[in-house]
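Below you'll find the structure, written out as structure tokens, and then a few comments.
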Amino acid sequence: MPASFKVRTVPIDDNKFEEVLDPDFGESAIGRVAPVDSGLWWIILLRAYGRITGDYSLQERVDVQTGMKLILNLCLADGFDMFPSLLVTDGSCMIDRRMGIHGHPLEIQALFYAALRSSREILSVNEGSKNLVRAINNRLNALSFHIREYYWVDMKKINEIYRYKTEEYSMDATNKFNIYPEQIPSWLMDWVPEEGGYLIGNLQPAHMDFRFFTLGNLWSIVSSLGTSKQNEAILNLIENKWDDIVGHMPLKICYPAVENEEWRIITGSDPKNTPWSYHNGGSWPTLLWQFTLACVKMGRLELAQKAIALAEKRLSRDHWPEYYDTRSGKFIGKQSRLYQTWTIAGFLTSKMMVENREMASLLFWEEDYELLEICVCALSKSGRVKCSRGAAKSQILV
């Protein structure tokens with residue numbers, strides 16, 4: 001699935017010209033990285049279009065169904081990676097430049113989960129797709145458990161990591177990914193509030209990226225990738241850390257920014273990703289609609305209205321920029337393009353969601369109890385026993 005298209009004019013007969021689209025699959029992108037998220041977004045938007053318009057003919061077309069199957073088969077293919085999360089390279093999602101997110105970034109896992117749930121609703125079930133549907137169900141189970149259990153941090157979990165033993169070899173190991181307590185950054189211990197928590201940015205063997213990535217956390221709420229308690233805690237954290245994550249312009253794409261020597265090593269001294277700019281802690285107004293949707297779902301409309309009011313003061317006056325710079329999001333980004341479609345659309349969509357919450361509810365997912373009941377995702381210590389209905393339901397309140 002292309003990340004973008006370029007319009008090219010080609011000559012035809014009698015001095016006439018025709019416009020054609022050249023898709024970019026990564027071969028023209030900065031860094032030459034293929035997009036992972038565009039195919040996932042396409043499936044999510046197919047479902048959204050059908051639910052809002054009532055027109056299901058598009059998603060039922062043979063070519064569209066085939067496209068969905070191709071994307072799903074690619075994402076569900078077996079590999080050497082043992083995790084249920086999707087393995088991707090740096091720069092392959094909205095954060096499309098080097099930011100040290102290679103591996104299993106939360107943003108992709110949340111979109112992957114939403115795309116799998118969308119596929120369960122709109123994929124035509126027949127003899128040819130039966131095995132694919134089974135694979136989708138299995139992956140949904142394993143992925144939801146993995147993210148809820150291992151990506152979640154709050155004060156209690158950070159204290160557990162702080163006391164981790166390392167080099168544990170067994171099925172009963174507490175520290176399954178051999179995380180060293182020294183990895184906990186000093187800013188985190190003072191930053192996480194007593195009330196609230198979030199899903200970390202990335203998890204790999206001996207590595208936890210403790211940065212707060214906004215899109216991944218918001219989409220985890222929207223898709224019910226997190227439990228209901230976790231979803232509430234994420235919004236509690238945003239409310240508690242409003243000045244850090246929202247500031248003068250909603251919303252920071254990640255927090256905190258990578259600075260000094262770490263910035264030079266991780267970003268390759270990227271002049272666009274200087275601290276508190278662009279993807280390195282910059283503020284992106286397009287994230288406003290996803291924040292609003294998460295707030296509508298969780299019944300926290302006052303938070304969404306507060307953020308929309310902030311954006312409304314400046315966006316039109318500033319000519320709808322792509323992103324904002326500085327720790328508080330006070331300045332228009334140095335290289336920010338103006339009159340950005342996704343900035344305008346994000347703001348208008350947010351306003352419409354607040355006015356029509358019933359329509360907004362068509363875009364998010366509630367907890368899928370049936371999915372939890374057929375769970376095969378290893379809730380027992382052995383990691384090999386099929387979950388009981390009771391054990392699965394207990395996960396909802398984790």
Side-chain angles (χ1 to χ4, degrees), residues 1-7 21 23-24 26 28-30 33 35-49 52 91-97 99 101 105 107-108 110-111 114-115 118 213-219 221-223 245-254 272-273 277-296 304 307-325 329 331-355 359-360 363-364:
M1 183 64 66
S4 61
F5 297 87
K6 185 176 181 179
V7 180
L21 292 177
D24 171 28
S28 301
I30 295 169
V33 181
V36 176
D37 59 347
S38 55
L40 303 175
W41 273 117
W42 185 69
I43 296 173
I44 293 165
L45 292 171
L46 272 177
R47 177 223 183 225
Y49 173 79
I52 288 174
S92 60
C93 52
M94 181 179 172
I95 296 175
D96 59 3
R97 293 165 85 107
M99 271 287 288
I101 61 166
E107 175 181 327
I108 291 296
L111 292 175
S118 297
F213 285 90
T214 304
L215 179 58
N217 275 279
L218 293 180
W219 211 251
I221 296 173
V222 171
S223 66
I245 298 171
V246 180
H248 285 86
M249 178 55 63
L251 289 116
K252 280 270 175 295
I253 197 165
C254 73
K272 197 167 188 177
N273 265 337
S277 179
Y278 200 53
H279 293 317
N280 190 13
S283 298
W284 291 72
T286 189
L287 294 173
L288 184 62
W289 76 266
Q290 288 154 99
F291 178 61
T292 303
L293 185 58
C295 290
V296 169
I308 291 168
L310 273 175
E312 196 162 13
K313 286 179 185 175
R314 296 192 55 190
L315 282 179
S316 176
R317 189 184 70 201
D318 293 344
H319 308 299
W320 310 97
E322 183 182 25
Y323 67 95
Y324 284 77
D325 279 354
F331 290 89
I332 299 170
K334 272 185 183 177
Q335 298 186 45
S336 184
R337 307 297 190 265
L338 304 181
Y339 299 104
Q340 289 284 293
T341 305
W342 59 351
T343 300
I344 298 167
F347 173 73
L348 294 178
T349 303
S350 300
K351 297 278 283 186
M352 292 169 72
M353 282 176 178
V354 168
E355 292 166 9
M359 187 68 81
L363 296 175
F364 57 70

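The figures that follow rest on heavy atoms only: side chains count, while hydrogens, waters and symmetry mates do not. None of these values were measured; they are calculated from a predicted model.
For the atom pair CD1 (I108) and CG (L40), the distance works out to 6.0 Å, reported to the nearest 0.5 Å. In this structure, OG in S277 is found 7.5 Å from CD in Q335, a value given to the nearest 0.5 Å. To the nearest 0.5 Å, the span separating CG on L287 from CD1 on I253 amounts to 6.0 Å. Distance check, rounded to the nearest 0.5 Å: CD of E107 to CD1 of I101 gives 6.5 Å. To the nearest 0.5 angstrom, H319 atom NE2 is 7.5 Å from I332 atom CD1. In this structure, SG on C295 lies 12.0 Å from CD on Q290, to the nearest 0.5 angstrom.
Under a 3.5 Å cut-off, the side chain of H279 and the backbone N or O of M94 do form a donor-acceptor pair. A donor-acceptor pair under 3.5 Å links the side-chain atoms of S336 to the main chain of Y323, judged by distance alone. D325 places a side-chain N or O within donor-acceptor distance of the main-chain N or O of K334, the cut-off being under 3.5 Å. Of the possible donor and acceptor atoms, none in the side chain of S4 sits under 3.5 Å from a partner among the backbone N and O of D24.
Counting non-hydrogen atoms of neighbouring residues, nucleotides and ligands closer than 6.0 angstrom, the CZ atom of F364 exceeds 12 such neighbours. Within a 6.0 Å sphere centred on CG of L21, heavy atoms belonging to other residues, nucleotides or ligands number more than 12.
The two residues L293 and A360 come nearest to each other via the heavy atoms CD1-O, 3.4 Å. Between M1 and P35, the shortest heavy-atom contact is O-CG, 3.5 Å.
Classified by interplanar angle (parallel below 30°, tilted 30° to 60°, perpendicular above 60°), the ring pair W284/W342 is perpendicular.
When each of L288, T292, L348, I308 is tested with M353 by the rule side-chain contact (heavy atoms from CB on, under 4.5 Å), just one qualifies, namely T292.
For residues 36-49, every residue pair satisfying the side-chain hydrogen bond (donor to acceptor under 3.5 Å, both in side chains) rule, not counting sequence neighbours, is listed here: R47-E121, Y49-D55.
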